[in-house]
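Take a look at the structure set out below.
All of these numbers come straight from a predicted model, not from anything done at the bench.
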Amino acid sequence: MNQVSPPTSVEQLMQRAEGLAGLTLAEIAAQLSIKVPQDLRRDKGWVGQLFEAALGAEAGSKPEQDFLHLGVELKSIPLNAAGLPLETTYVCVAPLSDVTGMRWEQSLVYHKLQRVLWIPVEGERHIPIGERHVGMPILWQPNAKQLSQLQQDWEEIMELISLGKVSQITARHGEVLQLRPKAANSKAMTTSIAEDGSLQMTNPRGFYLKTQFTAEILRNYFG
DNA sequence: GACTGATCATGG
DNA sequence: CCATGATCAGTC
């Protein structure tokens with residue numbers, strides 16, 4: 001497959017991203033000699049990985065921004081015909097133990113969302129994967145209000161975790177940020193804080209951005 | 001139709 | 001197991 005070198009500047013990254021706009025996923029995949037799956041049931045991260053390859057993101061699963069040297073995180077965002085997000089957006093795993101003294105400014109959520117390159121893509125299931133079109137990219141930085149909403153939700157959720165109430169947290173907690181299972185399946189287990197302060201085993205969780213929040217981000221750019 | 005809990009693939 | 005990339009799919 002054709003290798004794309006890491007972008008050396010944000011401007012170069014944006015030019016590459018803008019070059020994808022209007023193309024179909026099949027066209028992008030062909031340039032990289034990547035095979036297009038029939039559906040995403042067994043390839044849920046395929047679109048995101050295609051964009052990583054097309055833009056020169058480093059492969060790997062480090063808990064960092066995709067373009068660490070540029071301070072940019074890459075996210076694909078599936079939209080319906082009305083231009084609204086079809087799915088929540090995964091941000092990162094949530095720490096469920098060793099959370100004492102953790103502050104918002106040092107959290108993984110804060111760092112990953114410092115600057116995000118959103119790439120919209122048609123996501124309705126009736127459209128074959130290869131025929132889905134890519135939209136214009138958005139380089140987003142949270143404004144003061146968004147930052148405050150994120151911090152408030154993060155602090156509320158982290159407090160519940162620190163109090164050993166992780167099992168009581170549902171996706172309804174949080175206005176813009178939610179905590180949900182993030183694992184291979186419901187049998188996966190990790191260590192979390194119990195109500196008596198000891199440690200217990202729980203299903204791993206991740207932070208996700210709610211669709212209304214990402215819809216607002218898109219609206220601020222596209223009207 | 002939206003939402004929440006569950007799930008799939010891959011690499012270290 | 002953990003972390004990346006996310007979407008699936010049953011229920012509300």
Side-chain angles (χ1 to χ4, degrees), chain A residues 1 4 6 20 25 28-29 32 34-68 72-99 107-109 111-113 116-129 132 134 153 157 166-192 199-216:
Chain A
M1 118 172 159
V4 176
L20 300 180
L25 296 182
I28 297 169
L32 300 162
I34 294 174
K35 186 165 181 274
V36 180
Q38 284 299 305
D39 60 64
L40 298 179
R41 271 181 300 181
R42 293 192 173 277
D43 294 273
K44 295 184 179 180
W46 185 82
V47 177
Q49 286 159 355
L50 179 70
F51 291 157
E52 285 186 347
L55 297 176
E58 310 280 35
S61 55
K62 288 183 289 242
E64 299 172 342
Q65 292 165 315
D66 292 290
F67 301 99
L68 188 60
V72 174
E73 169 74 7
L74 174 66
K75 290 289 178 196
S76 66
I77 177 96
L79 306 181
N80 65 17
L84 297 175
L86 282 164
E87 296 288 346
T88 56
T89 301
Y90 168 69
V91 180
C92 60
V93 296
L96 302 181
S97 61
D98 298 317
V99 302
S107 70
L108 204 47
V109 175
H111 281 288
K112 284 218 171 184
L113 298 183
V116 178
L117 176 58
W118 298 95
I119 302 192
V121 58
E122 291 179 328
E124 291 183 333
R125 283 189 217 178
H126 68 83
I127 308 175
I129 311 297
R132 298 181 184 181
V134 177
D153 287 350
I157 292 169
V166 63
S167 58
Q168 297 169 36
I169 303 175
T170 74
R172 297 170 195 77
H173 285 85
E175 186 184 353
V176 300
L177 192 70
Q178 62 181 186
L179 193 75
R180 303 220 310 277
K182 172 59 175 171
N185 54 55
S186 59
K187 298 185 187 71
M189 289 290 157
T190 191
T191 304
S192 71
L199 296 178
Q200 63 184 0
M201 298 308 283
T202 322
N203 190 227
R205 315 296 166 102
F207 285 110
Y208 296 78
L209 298 177
K210 294 191 169 190
T211 53
Q212 285 199 30
F213 185 71
T214 48
E216 178 194 305

Among B:dC3, B:dG11, C:dC1, which nucleotide sits nearest the side chain of A:Met189?
C:dC1

Return the value, rounded to whole Å, for the distance between atom CZ of A:Arg205 and atom C1' of B:dA6.
12 Å

What does A:Gly45 touch in the nucleic acid at a heavy-atom separation under 4.0 angstrom: a base, only the sugar-phosphate, or nothing?
base

Which whole-number value in Å describes the distance from A:Asp66 CG to C:dA6 P?
8 Å

NA contact type, A:Thr89, heavy-atom cut-off 4.0 Å: base, sugar-phosphate, or nothing?
nothing

Between C1' of B:dG5 and CZ of A:Arg180, the distance in whole Å
7 Å

Rounding to an integer number of Å, can you tell me how far A:Lys62 NZ sits from C:dG5 C1'?
15 Å

Closest nucleotide among C:dA6, B:dG5, C:dT4 to the A:Leu108 side chain:
C:dT4

Whole-Å gap separating C1' (B:dT4) and CG (A:Leu209):
16 Å

The side chain of A:Tyr90 lies closest to which of these nucleotides: B:dC3, B:dG5, C:dT4?
C:dT4

Taking 4.0 Å as the cut-off, does a side-chain nitrogen or oxygen of A:Ser76 come that near to OP1 or OP2 on C:dA6?
yes

Assign each of A:Val47 and A:Ala184 to its nearest nucleotide of DNA chain C by heavy atoms, then name whichever residue's nucleotide is nearer the 5' end.
A:Ala184

On DNA chain C, does the nearest nucleotide to A:Arg132 precede the nearest nucleotide to A:Glu73 from the 5' side, or the other way round? Give the residue.
A:Glu73

Check every atom of C:dA3, B:dG5, C:dA9 against the side chain of A:Ala171 and return the nucleotide holding the closest atom.
B:dG5

side-chain N/O A:Lys112 vs C:dT4 OP1/OP2, d < 4.0 Å
yes

Base, sugar-phosphate or nothing for A:Pro63? Non-hydrogen atoms, less than 4.0 Å.
sugar-phosphate

Between A:Glu73 and A:Leu113, is the side chain to side chain contact (heavy atoms under 4.5 Å, CB included) condition met? List the steps.
CA-CA 7 Å; A:Glu73 169 74 7; A:Leu113 298 183; 5.8 Å; no

Quick one: do A:Leu177 and A:Leu209 satisfy side chain to side chain contact (heavy atoms under 4.5 Å, CB included)? Show the steps, please.
CA-CA 5 Å; A:Leu177 192 70; A:Leu209 298 177; 3.8 Å; yes

Please report the distance, rounded to the nearest Å, between NZ in A:Lys44 and P in C:dC8.
7 Å

Testing B:dT7, C:dG5, C:dC8 for proximity to the side chain of A:Ser186, the answer is B:dT7

Whole-Å distance, A:Asp43 CG to B:dG11 P, equals 12 Å

Should we count CG of A:Asn80 as having more than 12 external heavy atoms under 6.0 Å?
yes

I want to check one thing: is the phosphate of B:dT10, taken as OP1 and OP2, less than 4.0 Å away from some side-chain N or O of A:Gln49?
no

Selection from B:dA9, B:dG5, C:dT4 that lies nearest to any side-chain heavy atom of A:Thr170:
B:dG5

Side chain of A:Lys182, heavy atoms from C-beta onward: which of C:dA3, C:dA6, B:dT4 has the nearest atom to it?
C:dA6

Non-neighbouring partners of A:Arg41 that pass salt bridge (charged side-chain N to carboxylate O under 4.0 Å, His left out), sequence neighbours left out:
A:Asp39

Phosphate contact (C:dC2 OP1 or OP2) by A:Thr190 side-chain N/O below 4.0 Å
yes

For A:Arg180 and A:Thr88, test the side chains for any donor-to-acceptor distance below 3.5 angstrom and give the result as yes or no.
yes

Return the value, rounded to whole Å, for the distance between atom CD1 of A:Ile129 and atom C1' of C:dA6.
12 Å

Might you confirm whether atom CD of A:Gln168 has over 12 heavy atoms from other residues, nucleotides or ligands at distances under 6.0 Å?
yes

A:Glu124, CD atom: more than 12 neighbouring heavy atoms under 6.0 Å
yes

Think A:Ser61 has a side-chain N or O under 4.0 angstrom from the OP1 or OP2 of B:dT10?
no

How do A:Lys187 and A:Arg172 order along DNA chain B: which one's closest nucleotide is nearer the 5' end?
A:Arg172

Kindly say if A:Arg41 contacts the phosphate of C:dC8, meaning a side-chain N or O under 4.0 Å from OP1 or OP2.
no

